2 protein chains.
Amino acid sequence: MKPETRKDEIIKTAAKLFKEKGYSAVTMRDLATAMGMKAASLYNHISSKQEILKEIIISLAEEFTQSMEVINSSNASSLDKLSQIIALHVKITTNNTSGMASLNNDWMHLEDQLAYYLKLRNNYETIFLNIIEEGISASEIKNLNPETIMFSMLSTLRSLYLWIPKKEALNANDLANSLSNILIQGINK
Amino acid sequence: MKPETRKDEIIKTAAKLFKEKGYSAVTMRDLATAMGMKAASLYNHISSKQEILKEIIISLAEEFTQSMEVINSSNASSLDKLSQIIALHVKITTNNTSGMASLNNDWMHLEDQLAYYLKLRNNYETIFLNIIEEGISASEIKNLNPETIMFSMLSTLRSLYLWIPKKEALNANDLANSLSNILIQGINK
DNA sequence: GTCTATAACACGATAGAC
DNA sequence: GTCTATCGTGTTATAGAC
């Protein structure tokens with residue numbers, strides 16, 4: 001394990017603050033106070049506020065894209081792949097709740113990396129949609145609008161960061177299983 | 001129909017901008033430019049930036065709470081009530097997509113009205129949860145964790161503002177029906 | 001009702017001492 | 001590596017002319 005650098009600490013603290021108020025509403029003075037230092041001292045570790053946002057978002061987006069490609073390239077059934085995607089979101093969100101808030105809510109404040117982020121997100125959603133469409137073709141999944149299905153699933157998965165912190169009791173496996181059940185089987189008895 | 005005042009126009013334009021960048025990142029100069037005037041002129045119609053946010057969010061939150069109480073006080077089945085809640089979200093979001101973005105993402109920037117907003121939201125979620133619990137007791141709904149069910153449904157409903165603008169083709173009724181189907185019946189064939 | 005001008009302050013970031 | 005001091009700019013909001 002590599003030890004956590006001061007830069008990592010700053011990024012982690014920043015993500016927590018961004019989660020509460022959003023990137024734009026958090027000042028470098030806020031961040032410095034939370035770190036127990038003065039704002040000017042932050043710049044010995046990071047080059048700009050923008051760099052912090054980039055570090056938080058791009059690493060997560062790359063992790064999602066990479067894992068999605070692994071899941072998709074297996075020969076599991078479409079429903080299995082969807083369950084794996086659900087487990088992926090639960091795992092990443094459990095490990096980095098604050099970062100997921102920034103990924104969801106502050107991506108539009110990326111400057112240099114905005115186009116790259118959008119490319120990754122688009123790629124992710126394209127694969128997701130393909131999996132659903134293949135499931136429909138294979139008669140595993142109901143013949144409903146694939147985009148509506150994806151929207152519904154992704155909405156829930158992208159909101160996990162709001163909810164996981166309130167439910168520490170549940171472990172990641174149980175949660176992934178419950179969600180697979182609800183999202184795939186429905187709630188009607 | 002009451003004619004749209006200049007103040008209404010400003011609030012509507014502000015909501016659009018808040019949707020794109022968030023409350024904190026939108027300046028009064030941005031808003032003025034979008035309105036075709038200078039920032040100082042805005043203050044002839046509104047008293048502060050904060051007032052604009054309050055108008056957007058509180059009116060929507062009150063509309064949700066009021067409608068939720070009507071739905072809950074009927075003697076419909078729990079599943080029927082859930083379908084009505086879904087239709088409610090689709091209707092309100094269709095009529096005010098931008099406002100829904102602020103309701104979801106900028107409520108924490110409310111100042112004087114924050115406690116009131118939280119009270120309304122809490123009340124809404126309590127009723128929602130009761131309906132699900134009653135449905136489980138009545139064996140209409142699967143015996144899964146009620147909070148997980150609510151979380152999953154609410155995540156989708158609260159994300160509608162992101163998705164409805166891209167799908168103008170679908171009308172509100174069709175969308176509400178599709179979503180009821182997916183969220184209640186599941187996607188497994 | 002819109003404008004120009006500006007007050008009063010907060011912002012991100014840098015310079016240079018220690 | 002952290003500090004104090006500060007630069008240059010952007011921020012909400014007001015004053016007062018038209």
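We name chains A, B, ... by the order of the sequence lines, and we start the count at 1 in each one. Just so it is clear, the model here is predicted, and its values are computed rather than measured.
Protein atom NZ of Lys49(A) is 12 Å distant from nucleotide atom C1' of dA13(C), rounded to whole Å. Here dG16(D) presents its P atom at 18 Å from OH of Tyr43(B), a figure rounded to the nearest Å. For the pair Tyr23(B) OH and dT11(D) P, the computed distance is 13 Å after rounding to whole Å. The CD-P distance, from Glu51(B) to dT12(D), rounds to 15 Å in whole Å. To the nearest angstrom, C1' of dA13(D) lies 14 Å from CD1 of Ile10(B). The separation between Leu31(A) atom CG and dC11(C) atom P is 13 Å, rounded to whole Å. Regarding Leu42(A), its CG atom lies at a distance of 14 Å from the C1' atom of dC11(C), rounded to whole Å. Note: CG (Leu53(A)) to P (dG12(C)) measures 13 Å, nearest angstrom.
Among the nucleotides dG1(C), dA5(D), dC3(C), the one closest to any side-chain atom of Ala40(A) is dA5(D). Here the nucleotide nearest the side chain of Lys38(A), chosen from dA13(D), dT4(D), dT12(D), is dT4(D). Out of dC3(D), dT11(D), dG12(C), the shortest distance to the side chain of Ser41(A) is found at dC3(D).
The cationic group of Lys49(A) lies under 6.0 Å from the six-membered ring centre of Tyr23(A) and within 45° of the ring axis, placing it in a cation-pi geometry.
Here Arg29(A) lies in heavy-atom contact (under 4.0 Å) with a base.
For the residue pair Tyr124(B) and Glu69(B), no side-chain donor N or O sits within less than 3.5 Å of a side-chain acceptor on the partner.
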Verdict with reasoning, Lys19(B) to Thr97(B), per side chain to side chain contact (heavy atoms under 4.5 Å, CB included): CA-CA 9 Å; Lys19(B) 184 189 175 194; Thr97(B) 313; 3.8 Å; yes
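Comparing Asp30(A) and Ser47(A) by the nucleotide of DNA chain C that holds the closest heavy atom to each, the one mapping nearer the 5' end is Asp30(A).
In terms of modelled atom types and a separation under 3.5 Å, the side chain of Ser74(B) and the main chain of Ile71(B) share a donor-acceptor contact.
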